[in-house]
Novice: 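Dumping the structure here so I can ask a few things about it.
For this chain, numbers begin at 1 and follow the sequence in order. Note that the structure is predicted; figures quoted are calculated from it, not measured. Indexing begins at 1, ligand by ligand and atom by atom, following the structure's order.
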Amino acid sequence: MWKSPLRADALGPVSAALENLAAQGCDLVRFAVPDGESAELLGRIAAASPVALAADIHFDYRLALRCIELKVAKVRINPGTIGEEWKVREIVKAARDAGACLRVGINAGSLPAALRENPDVASAMVTAAENEAEILERFDFRDAVFSLKSSDVSETVSATRSFASRTLFPLHLGVTEAGPLIPGIVKSTLAIADLLREGIGDTLRVSLSDSAEAEVQAGLAILRCLDLRGEGVNLVSCPRCGRTSFDVQGFLEEVSDFIHTLRRPLTLAVMGCVVNGPGEAKKADIGITGAGKMAILFKGGEILRSVPFEQAAAAFREEVEKLP
Ligand code: SF4
């Protein structure tokens, strides 16, 4: 999600960021649309975007109508903030006419007023989702995905699981306001993996107080670990270790941008020493490890060549690019 307000002077950086996110495997980027100026700018961005865009709308249904008119692919509405049913009806009608889709995003922190006092927050979230699903069904509108998010893992899983058992609408998964990089990824993974293993979920977002790139990388890693999306790199690498003769962490930082734009399903190994280096590299399409003053490159367990450390990153990139 683009986290700064959309303003005209941000169009250049936004376009570059979208290109980068698309290259990393992101399928959809959501923008907050708090006012008319943001809606107009989002329309301009959507017209040239390499990735589908979603508009996040609260309070003013006319912003949703304008974004749909401007051909933004998806509009997210929150039943706790969008207001009366007739406003939802107007949005649904516009979305149907334009072929746009909706996300109905239930958030524990902004439930509809009638449900806010319910001490069972997961149950209140399910009721909010059911009420909105009933409205969409009454209008015979099916191009919608629902999400039920809390910053609490158990609440998110419980609410999503319960709603999944009562609806045919697809579900978007995620823990909202999950926190900074490490706790955010841990919370998100626990919730998302639980649900995906049960066959629940159609789209996901790892929501982090960090970069959009980190969110995409974390989401793809979850899908890769669960064998749900094969593309991209499975990275095998050593922790800090007294035996290491190769700066694993420094090397990974150096090749990080390169690795994250590889879309082919590859296993790459970056090992600290020869104890497990060649063994792990056997399973890797390309592996690298240190021995003495040299870095050794492997392919399928066979040594390809050794190079001085300062040439290691370039040699690694070269060997990966040579792969069929
Ligand atoms: Fe440590 Fe070497 Fe094992 Fe890596 S392969 S964890 S550096 S002993």
Novice: Could Glu155 and Lys149 be called an ion pair, given the rule that one side-chain N must be under 4.0 Å from one carboxylate O?
Specialist: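 Salt bridge between Glu155 and Lys149, a charged N being under 4.0 Å from a carboxylate O: no.
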Novice: Can you tell whether the side chains of Glu134 and Arg138 come within less than 4.0 Å, N to carboxylate O?
Specialist: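 Here Glu134 pairs with Arg138 in a salt bridge, since their nearest N and O are under 4.0 Å apart.
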Novice: Check the orientation of Phe146 and Phe163. Use parallel for under 30°, tilted for 30 to 60°, and perpendicular for over 60°.
Specialist: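 Judged by the thresholds at 30° and 60°, the geometry between Phe146 and Phe163 is tilted.
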Novice: With a cut-off of 2.8 Å, which protein N/O/S atoms are close to atom 1 (Fe) of ligand 1, if we only count those under it?
Specialist: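 Listed by chain and number, the nearby protein N, O or S atoms are Cys241 SG.
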Novice: Using a strict cut-off of less than 4.0 Å between a Lys/Arg side-chain nitrogen and an Asp/Glu carboxylate oxygen, indicate whether Glu90 and Lys93 qualify as a salt bridge.
Specialist: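 Salt bridge: no.
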Novice: What about the rings of Phe258 and Phe316, do their centers lie closer together than 6.0 Å?
Specialist: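 Not close enough - the centres of the two rings lie 6.0 Å or further apart.
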Novice: Is the shortest distance from a Lys or Arg side-chain nitrogen in Glu302 or Lys299 to a carboxylate oxygen in the other one below 4.0 Å?
Specialist: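 No salt bridge links Glu302 with Lys299.
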